[in-house]
Amino acid sequence: MIMPWKRIVIAGGGTAGWMVAAALARVFGKSGYEITLVESPDIGPVGVGEATIPPLIAFNRMLGLNEQEFIRQTKATFKLGIEFVDWRSAGERYFHGFGGFGTAAQGVPFYHYWLKWKKENPNSDLSDFSVTASSARSQKFIHPDSRGAAAIANMRYAYHIDAGLYASYLKHFAIALGVKHVQDEILDVCLRPDNGFIEALQLKSSNALQGDFFVDCTGFKSLLLGKALGIPYTTWGEWLLCDSALAVASNHASEAISPYTTAIAHSAGWQWRIPLQHRLGNGLVYSSSHLDHDAAQTLLLSRIEGEPLSGMKNIRFTPGVRKKAWEKNCLAVGLSSGFVEPLESTSIHLIQSAISRLVQLFPDADTNEVLARQFNRDFSSDMEEVRDFIILHYCLTERVGDPFWERCRTMSLPDSLQEKLELFRCSGRLIYEQKNVFTDINWVSVLIGQGVLPASHSPLVDGIPLRNLQTFMEKTRSEIAAAVDTMPSHQSFLARL
Amino acid sequence: MSAGIRKLVICGGGIESYTLAHRLKKHFSDSLSITLIESGNVSEPACVSVPPAAVNFFTSQGVSEDVLVGEAGGLYRTAVLLKSVNQGKDFYLPFSPPGFMLHARDFQHFYVWAHKKGLAHSYDEFSLSSMSAKRLKFLPASKDAGSLLSTLNHGYTLDVTRLKDYLRSKFQSMGGSIVDGEVSSVSLDADGCIACLDVHGIDDSSVVGDFYIDCSGEDNSNLSSALNASFLSERKSLPVDSIIRSVSSCSGSYRPFSSISLQGAGYIIEQSAQYKKQSDFVYNSGELSDEEAVNLFSEYMRTPPSDLKKLSGQSKRRNQFWVKNCIFMGASSGFLQDPFMGTYSLSQSSILRFISLFPSAKESAPLAEEYNRLTHLEYDCVVDFHSLLFRVFGLKSANARSDSFLGEAVSDRLKSRVDMFNHTGRVPFREGDPISQDLWVSTLLGSGLVPRAYDILVEGIEPKWIADQLKKMFQMIDGASAKMPYLKDYIAQGSAV
Ligand SMILES: Cc1cc2nc3c(=O)[nH]c(=O)nc-3n(C[C@H](O)[C@H](O)[C@H](O)COP(=O)(O)OP(=O)(O)OC[C@H]3O[C@@H](n4cnc5c(N)ncnc54)[C@H](O)[C@@H]3O)c2cc1C
Ligand SMILES: Cc1cc2nc3c(=O)[nH]c(=O)nc-3n(C[C@H](O)[C@H](O)[C@H](O)COP(=O)(O)OP(=O)(O)OC[C@H]3O[C@@H](n4cnc5c(N)ncnc54)[C@H](O)[C@@H]3O)c2cc1C
């Protein structure tokens, strides 16, 4: 006989808390589970986190959200990828698009053909062969579901969302499905004396909130997992130097709304530009040991377009991860379980994958330990994957002069990343692994974008005579260009929704 | 070829050699010269069985089903019959997953739920491929995605000699060269790479290549001793070491399955292609003397002992599969007593891996390292799966006297997978696993291990509705399999067209 844990308590009402609440409410439906979310009316959410990656589409679909409605409610725009400016060196830019390159012939990934082609055509740009990057460059967008050229099927997209609006959208959704919403502050976490499990949350103005299973979404505070259960934090500061961020919204300075995020390197970190329907999100991410707060503020203000719409938000963080996300009857989701850094906008995705794992591995008293072990294993491997991918952007820089970038260029790397780089450099091949967050396309875009041209490509493409390769490459490029020509601009696509 | 491998030499003339040689010719045509060395001593099997992955493998090699099942005398295979496995009952391990998802949840959870409530059907009775196999019926998957028949899957039992002859003649017609003779010695260069092979034949010669593949079968070859390549034993996980074989011509009706049945301290595996039937008695010589084994087997087969052939069959794998400029493939890469996957299927995936990592220089250490890593990952999973099958049959190695279901000889990897199954009704994914989750689940449920838990979502659904759905499913599958043609008729019809 299974004795299910039916009282679920979610602590915290930021993006993580409401995503968990909405998903669990949807999955458990009317099966007798009781879901309560408690959030402090005084302590706000972190209030950033507006760029996403494509799997969010699947999350919204799982909830049953209508895409048009979602875009209207969250003032979202489409995101085809990220444009990186000045990362390799000042003046250089590249595009990391979500969609694939060209077409795979004979089962050989397209970029191998391009690598061979590049030897004969040194000016060729890989992003010309990506429909996603090409449409982004022209400020255009079309839905991959639309009928049209075959090349369009290779489009992949995500969204830029207003974080506050997304959380309140999910809040209405969750409450409508029966989630109980408590606005109160957690003062203490009560543990059971016999086994150290969480028994209840002591609230400021009402009774203690009892539960069987607790989800810690209290942000950087990590009140339950970190503070009450004492799970230590592993820091990744030796590789990830940025530890501070400033964020400010501004109004659009021009008509065009770009369908991508821009990430511009500066002397001690980087700056983001995230276009929403009604405003731009801007932020400066930096290393506080290389740039002081006031200088950072001045730098950001000098670099934003349009007028600032709000005061500047100031956030400190420590890149790293909790040793475990799930301990006893508590699972941390969101910032409370760790944070790598904002580059490549993975944090909301990690919330989402934690949720889908939790739904698959929902525990009861007997199974809890085995399930937690499995969860923690997957969680650590996701976090390390993200860590390596982000370090890649920094360590491949060719910038000289700034102490920050000097350190990035010369630091020793995690073994997992070092091996990956070696294999790619010598052979153009990527270590094959079951990846949960990024695919080979992501890695290749950044590696090649940052100027790593491998010593050789797959010998399989050498079977093709140069003349045929020429025809193949030109045909691919012109098909993509023709498809982009037929697309509407991103703005007019949004306006039509 | 860009940088290096212009000439490839394959040592051996078995099924593996020709599969590889033909495949490489297809990919590289004239840009790679391939020489194959074969000695006349053949002791190859009559039949090998391969899982559904082989369908794509052969299609992408340009070997159509008409050839495999027509010219080359193979047969379709949709299940593996495990004789008297769970309380004396037969279980057909199916290639297409049983049942359908309900409410976006896997079927197995509903099955487990119903089983606990006394459902009479066994798990395989919900699989179209098991039910059709049991009835000796066959159809390939339908292309119509809406049809029940689109869920079908099949592999083959292949006629080794016929298929080899076919591939051999194709290889020759594509310009591949074959040297008759035996590799008698190996010369190394200063880096310890193979420089050339001396061949003793009608005319003694020496064959030079940039890269070498050792497909010389099970016995330690000259190449492996020259390169000091050693084996790891898998005896602990797969506690059988001897084989007695009987080959007869096929009579009676065609069976779309292979079968495994427990006999004494071993098992008998029977597989038949169109013209040949092969039966192997695989046993543990520590528990059964050769004489006892011969008597047992000849009684079972009703053949005189003189028609039986004794082979050795220690389970082992290479420490390293790719050493310097040489890869060990086929039986020379190792040999697992794996009645389900088969060494030939493992080699098919090694061939694909080799092609995707094809080197462009004589020695390419990072590629070799990646190849070895991936090959071991795959072997790990296959060893685990078979080690589970062995436990299912109650075969334990002599030094593992334990009452637990799994016994001590089982790896931690396998223990944690079975644990997870027991606690969640799901088998966690493992990187590199060629065996699908569905097959793991079928094997576990088929062997009588009913997990204690299943997806909690099931609890929230109206019990009567689930019961009705299961009943309907069974009727549909039962009805559809009854209407399918007999394999015999299907084949006769095909060759008439
Ligand atoms: C600079 C920066 C940029 C980022 N950019 C991106 C991005 O582009 N894309 C992306 O995916 N992610 C991004 N992230 C991460 C993203 O912002 C977070 O993952 C996301 O907002 C989820 O936060 P959270 O819900 O875990 O925590 P928070 O938003 O901090 O929420 C914490 C909640 O806990 C509650 N709480 C705290 N203490 C108590 C208490 N004592 N009692 C009761 N309630 C309490 C608060 O009221 C609040 O509701 C970024 C993060 C940073 C720092
Ligand atoms: C009981 C049993 C059941 C099996 N069932 C299956 C199954 O169901 N599915 C499956 O996929 N696999 C199965 N296998 C494994 C399969 O039979 C082998 O993987 C496969 O036959 C090995 O082929 P090979 O080409 O590597 O080696 P071999 O067939 O042994 O060929 C080796 C070749 O190399 C030549 N050679 C050797 N030394 C030299 C030399 N010095 N110079 C030149 N030439 C040389 C030999 O003459 C021969 O031609 C089974 C094996 C056994 C024992």
**Q** If you tally heavy-atom pairs under 4.5 Å against chain B, which of A:Tyr33, A:Phe28, A:Phe362, A:Tyr432 wins?
**A** A:Tyr432

**Q** For residues B:Phe28 and A:Pro459, report the shortest heavy-atom separation together with the two atoms involved.
**A** CE2-O, 3.6 Å

**Q** Would you name the heavy atoms of A:Thr367 and B:Arg452 that are closest together and state the gap between them?
**A** CG2-NH1, 2.8 Å

**Q** Which heavy atom of B:Ile355 sits nearest to which heavy atom of A:Arg429, and what is that distance?
**A** O-NH1, 4.5 Å

**Q** Supply the atom-to-atom distance A:Ile464 CD1 to B:Ser29 OG, rounded to the nearest 0.5 angstrom.
**A** 10.0 Å

**Q** Step through the shown structure and confirm whether more than 12 heavy atoms of other residues, nucleotides or ligands are within 6.0 Å of CG on A:Asp145.
**A** yes

**Q** Is A:Lys118 atom NZ crowded by more than 12 heavy atoms from other residues, nucleotides or ligands, each under 6.0 Å away?
**A** yes

**Q** Is B:Arg373 close to A:Ile431 at the side-chain level, that is, under 4.5 Å between some pair of heavy atoms?
**A** yes

**Q** Does a sphere of radius 6.0 Å around CD in A:Glu369 hold more than 12 heavy atoms from other residues, nucleotides or ligands, not counting ones at 6.0 Å or beyond?
**A** no

**Q** Of the listed residues (A:Gln374, A:Glu433, A:Glu422), which shares the most heavy-atom pairs with chain B below a 4.5 Å separation?
**A** A:Gln374

**Q** Test side-chain contact (heavy atoms from CB on, under 4.5 Å) on B:Ser416 and A:Arg377 and set out the steps.
**A** CA-CA 12 Å; B:Ser416 89; A:Arg377 194 163 36 218; 4.1 Å; yes

**Q** Using a 4.5 angstrom heavy-atom cutoff, name the option from B:Gly432, B:Ser356, B:Gly425 with the most pairs to chain A.
**A** B:Ser356

**Q** Counting neighbours of NZ on A:Lys420 that are heavy atoms of other residues, nucleotides or ligands and sit closer than 6.0 Å, is the number greater than 12?
**A** yes

**Q** Using non-hydrogen atoms only, which part of B:Arg105 is less than 4.5 Å away from chain A: side chain, backbone, both, or neither?
**A** side chain

**Q** If you look at every heavy atom in B:Met420 and A:Val370, which pair is closest and at what distance?
**A** SD-CG1, 3.6 Å

**Q** Measure the spacing between CG of B:Leu357 and CG of A:Leu423 and express it to the nearest 0.5 Å.
**A** 7.0 Å

**Q** Between A:Ser427 and B:Leu367, which heavy-atom pair has the shortest distance, and what is it?
**A** OG-CD2, 3.6 Å

**Q** Quick check on A:Val359 against chain B: is it the side chain, the backbone, both or neither that has a heavy atom closer than 4.5 Å?
**A** both

**Q** Side chain, backbone, both or neither: which part of B:Arg353 has a non-hydrogen atom closer than 4.5 Å to chain A?
**A** neither

